[in-house]
Every structure is written in structure tokens, then in C-alpha cells.
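Here the structure is laid out as C-alpha cells; the discussion comes afterwards.
All values reported here derive from a predicted model rather than from experimental measurement.
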Amino acid sequence: MSALSNRNAVLVWAFLVAATLGSGWLAEHQGTVGHWTALFVMLVAYAKGRAVMMYFMEMHEAPFAWRLAFEIWGAVATAAIVGLWWFAGGA
Amino acid sequence: MPHPENDMTQNPPDLATEEAVSILRGRHLPGVLVFIIADMAVFCMLFVGFMVDRMKDVALFNNSAIALDVRFGVANTLILVTSGLFVVLAVNAARAGLRKTTRGWLLLSFLVGAGFGVSKIVEYSIKISSGITMQTNPFYMYYYALTGAHFLHFVGGMIALAVLWVLAGREATVSRNTFNLIESGALYWHMVDLLWLFLFPMLYLLVPR
């Protein structure tokens, strides 16, 4: 089992930093994508969470069952937040 | 020229083979992963509870959320992902048997992670001094409950990092057992990071600003 290399770990970190700064900026400047900002920000959060699970936690190399459990958690948590935001009228 | 900490011919580390690491993973990690998945499932249910109650009074939740300072949320996220990176580097160093390097990354992860605690205490202090508590309204009940529960997990992770730093200091090289503990502690620390990645946008960023 090979680990995430230090170089790739730094690349994942750079993605997490850029996505965090980007979604923070977007949330404070909602005119850019307006009504859809919340949805976009939650999808970015899902991408960040998946990067942590798959690479920092090394689930991309874990047995299928473990990887599936984490994939399901990320998808369910995101779908629940986005879905209930949608049912609330997307506000 | 072999690294003085990693001279496999003179002083082979206890976890020299990937096969040994793999066997240990199979033996010990499932317990840690079961705990992590169960903990994350509980948080997922709390996310649903928050979003369901939010549907009952969207205006109240949005008016309360807009009073939160996004800069704290962004800073806390950057702190946790950076501390998480250092933990990854600590695990890689431990895997290579580099004891001093492992301890260095663990210490750095702890120090950077401590910034989250400081930031959170400052944020709570500002809110409480403004008269905003759990009793203010349902949004702030969730805000304090969710971030408070997460904060307790954070404190647990900080204790784990400190213990791992001490344990790694007691050995000449990183033993298989210590490596296993470091990897388990790292998984827990990443979970603290992961939960915050969802809490931050749900509490701070769903509201139109």
C-alpha cells in the first residue's frame, strides 16, 4: 500500500485552501451567481470533504467497503443539506 | 548517503515493510474507522435536524446566520486543513521510520491546530459579550450545540496529537505499534477537519448576503 506522497499532499492542501478562499469570497459577493451561491458553496464543500476523505485519510486506497462508507457519508450529508435548502425555497 | 534516522542497514525501523503496515492496518484500523463513521453519522443527523428546523423559519435562521463573521469560518478552515496537511506529513515520516521528523510535524500540527481553539474562543467571546447565547433563538441553539460538539472533538484531537508526540519521543525509531497509533490519531484529526468543512458552509454561507 503506497501512501499519499508529500508532494501530492501539498497539492491537495493547495486545492483545499483555494476552494476555501474562493467559496468564502463568493458567499460575500453573491451578485456573481446570485441565488445559486449557496448550492455552489455546498458543492465546493463536498469536493473539499471528498478530497480530505480520499487523500488525507487515504480512503482512495482503502478496501472498497470502507471507501464506500465514506463516499456514502459525503454524498448523504451534501444531499441532505442541499435538498433541504431546496425544499426551503432555495433561500 | 542514508538519512541518519533511516539507515535501514544499521538500524532498521520496526515497520520496514509495506506488508507489515498493511497487516496492521487490517488488524487495528477497522475499530478506529467504525468509530469515525459512527461519529460522522451522528453529525449527519444533526445537519438534517438543523436544516429541517431551518425550513420552519428561514427568515429567522438567515437573519441570525448573516450576523456570523465569515472571516472566522474561513480562518478556522484554513487552520484545520493546514494542520491536517502536517499530520499527513507526520504519517509519511513515521512510515519511513523518521522519528524526529515525525515529531516535528506532529508538533507543528498541534501548534497550528491550537489556532482553531484561539479563534473559536474569540468568536464565542464576541457573541456572548453581545448577548447572543444558546437561548437567543433556535439558530443559535444549533450554532452553539454543533460548533460546541465539534470543539470537544477538536480538544480530543489536540490531546491525541500531544500524546502521539510524547509516544514517538520515547522510542529510538518509530515502532509498528506507534505508527499504528499515529495513523489512527491522524484519521481522527482528519475527521475533525472533515466535519468542519461541512459545518462552516451550512452555518455561515447558506444565507444570501
Is chain B contacted by the side chain of A:V10, its backbone, both, or neither, given a heavy-atom distance below 4.5 Å? both
Salt bridge between B:E171 and B:K100, side-chain N to carboxylate O under 4.0 Å? no
Centroid-to-centroid, B:H150 to B:F116, below 6.0 Å? yes
How about residues 154-164 of chain B versus chain A: which residues have heavy atoms under 4.5 Å apart? none
Region of B:V87 that comes under 4.5 Å of a non-hydrogen atom in chain A: neither
Go through A:S23, A:A51, A:A9 and name the one with the most non-hydrogen pairs under 4.5 angstrom from chain B. A:A9
Please identify, among B:W196, B:Y204, B:F47, the residue contributing the most non-hydrogen atom pairs under 4.5 Å to chain A. B:F47
Of the listed B:D193, B:V52, B:V81, the one with the largest count of heavy-atom pairs under 4.5 Å with chain A is B:V81
B:F50 ring center within less than 6.0 Å of B:F61 ring center: yes
Okay, A:F70 and chain B: the region with an atom under 4.5 Å from a heavy atom over there is both
Would you confirm whether A:T20, through its side chain, and B:T77, through its main-chain N or O, come within 3.5 Å as a donor-acceptor pair? no
Side chain, backbone, both or neither of B:V70 within contact of chain A (heavy atoms, under 4.5 Å): side chain
Using the ring of each side chain (for Trp, its six-membered ring), is B:Y140 parallel, tilted or perpendicular to B:Y144, with breaks at 30° and 60°? tilted
May I ask you to test the B:L106-B:F86 pair for a side-chain heavy-atom distance under 4.5 Å? no
With a 4.0 Å cut-off on N to O distance, would you call A:R50 and A:E71 a salt bridge? yes
Sort A:V52 into side chain, backbone, both or neither according to what part of it lies under 4.5 angstrom from a heavy atom of chain B. side chain
Taking the six-membered ring for Trp, are A:W73 and B:F198 ring centroids under 6.0 Å apart? yes
Are A:K48 and A:Y46 in a cation-pi contact, defined as NZ or CZ under 6.0 Å from the six-membered ring centre and within 45° of the axis? no
Using a strict threshold of under 4.0 Å (side-chain N to carboxylate O), is an ion pair present between B:K127 and B:E123? no
Considering only heavy atoms, which portion of A:S5 lies under 4.5 Å from any heavy atom of chain B: side chain, backbone, both, or neither? backbone
